[in-house]
2 protein chains.
Amino acid sequence: MNRVYEALAHPTRRQILALLRQCDRSAGEIADHFDISKPTLSGHLRLLREAGLVYGERRGTSIIYHLHVSLLEESLGALLDLFRIGDARPPDPVQPSSPPRHDHE
Amino acid sequence: MNRVYEALAHPTRRQILALLRQCDRSAGEIADHFDISKPTLSGHLRLLREAGLVYGERRGTSIIYHLHVSLLEESLGALLDLFRIGDARPPDPVQPSSPPRHDHE
DNA sequence: AGTATATTTCGGTTATTAGCTAACAAGGGA
DNA sequence: TCCCTTGTTAGCTAATAACCGAAATATACT
């Protein structure tokens, strides 16, 4: 499980997952979308593979990468379950003195 | 957004979020659940704060930490949206030659 | 002011990660 | 077999992250 979160922590890897959601692609086709060397991209793919989020199927000289949808689903489910938004937490009893500032992005 | 994923990448920080889901707690009470030094824990709390997942409210000499539920909800929503399990992806046309091994954990 | 408690910041060490180039392996075709 | 294409591994450096003890800050109480 930890590996899934670590894999999601890098923007390039999240983008790879987004690309693979559109369609399966070879490592080279994925590389075309980024401005990094092939070995670096290969490393990202390895991490995604080790996290179980993706798997590669050799076709000729290429390796076609696929999203491992079921594990992704499972992971997101676990995340939702961990925090289970919207239940089991009483509403904040009072207005906190320092209202949360929300200046993200 | 990136900060949220980075914050979730460390098991201690995920556990802090889980503790805060149960109830609000001071930094010291959180520290009691871990076997790490207070400065290290303070660093984890700072990252969670910077990611917007958590906020601290001073009460006397303590600082009470709260889950910032709305941002957490928002983040999970974005994640679900990014992958949007279950639509926009045609079923895999053929059985891949190397079935995904699923030996995680 | 002085002391006690709670938490963070500072300074430094060690471990991990991201990136590169160069070298290697696997497959397909002349 | 030889070569070309595609990807991965090896070896390195630079940047980042995790961790600690010591010092600093903030608040409360006497």
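Lettering follows sequence order; numbering is per chain, from 1.
- At least one side-chain nitrogen or oxygen of Ser42(A) sits closer than 4.0 Å to the OP1 or OP2 atom of dT8(D).
- One can place OH of Tyr55(A) at 17 Å from P of dG7(D), the figure rounded to the nearest angstrom.
- In this model, the phosphate group of dT8(C) is approached by a side-chain N or O of Arg49(B) to a distance below 4.0 Å at OP1 or OP2.
- When the P atom of dA6(C) is taken as reference, atom CD of Glu29(B) falls 10 Å away, rounded to whole Å.
- Contact annotation: Arg13(B) reaches the phosphate of dA18(D) (side-chain N/O to OP1 or OP2, under 4.0 Å).
- With rounding to whole Å, Glu57(A) atom CD is found 15 Å from dT6(D) atom C1'.
- Between Tyr65(B) and dA6(C), a side-chain N or O to OP1/OP2 separation shorter than 4.0 Å is absent.
- Rounded to whole Å, the distance from CD1 on Ile63(A) to P on dA25(C) is 15 Å.
- Put simply, CZ on Phe34(B) is 14 Å from P on dT7(C), counting in whole angstrom units.
- In this structure, a donor-acceptor pair under 3.5 Å is present between the side chains of Glu57(B) and His66(B).
- The closest side-chain heavy-atom distance from Ile16(A) to Leu48(A) is below 4.5 Å.
- Distance Leu47(B) CG to dA18(D) P: 6 Å, rounded to the nearest Å.
- The interatomic distance linking His10(B) (NE2) with dA18(D) (P) rounds to 5 Å, in whole Å.
- In terms of position along DNA chain C, the nucleotide closest to Glu6(A) lies nearer the 5' end than the nucleotide closest to the other residue of the pair Glu6(A) and Ile36(A).
- Here the CZ atom belonging to Arg59(A) is positioned 8.5 Å from the CG atom belonging to Asp24(A), to the nearest 0.5 angstrom.
- Residue Ser62(A) places at least one side-chain N or O closer than 4.0 Å to OP1 or OP2 of dG7(D).
- Proximity of His44(B) to the phosphate of dC19(D): a side-chain N or O atom is located under 4.0 Å from OP1 or OP2.
- OP1 or OP2 of dC20(C) lies within a sub-4.0 Å distance of a side-chain N or O belonging to Ser37(A).
- Side chains of Leu41(A) and Lys38(A) form no contact here, defined as non-hydrogen atoms less than 4.5 Å apart.
- Taking the side chain as every heavy atom from C-beta outward, Tyr65(A) and Arg25(A) never approach each other to under 4.5 Å.
- Candidate nucleotides dA18(D), dG7(D), dT9(C) were compared by shortest atom distance to the side chain of Ala27(A), and dG7(D) ranks first.
- Regarding contacts with the backbone of dG7(D), a side-chain N or O of Ser26(A) is found under 4.0 angstrom from either OP1 or OP2.
- In terms of position on DNA chain C, the residue among Thr40(A) and Lys38(B) whose nearest nucleotide sits closer to the 5' end is Lys38(B).
- For Thr61(B), the side-chain atoms get nearest to dA6(C) when compared with the rest of dG27(C), dA6(C), dT8(D).
- When the P atom of dA17(D) is taken as reference, atom CG of Asn2(B) falls 10 Å away, rounded to whole Å.
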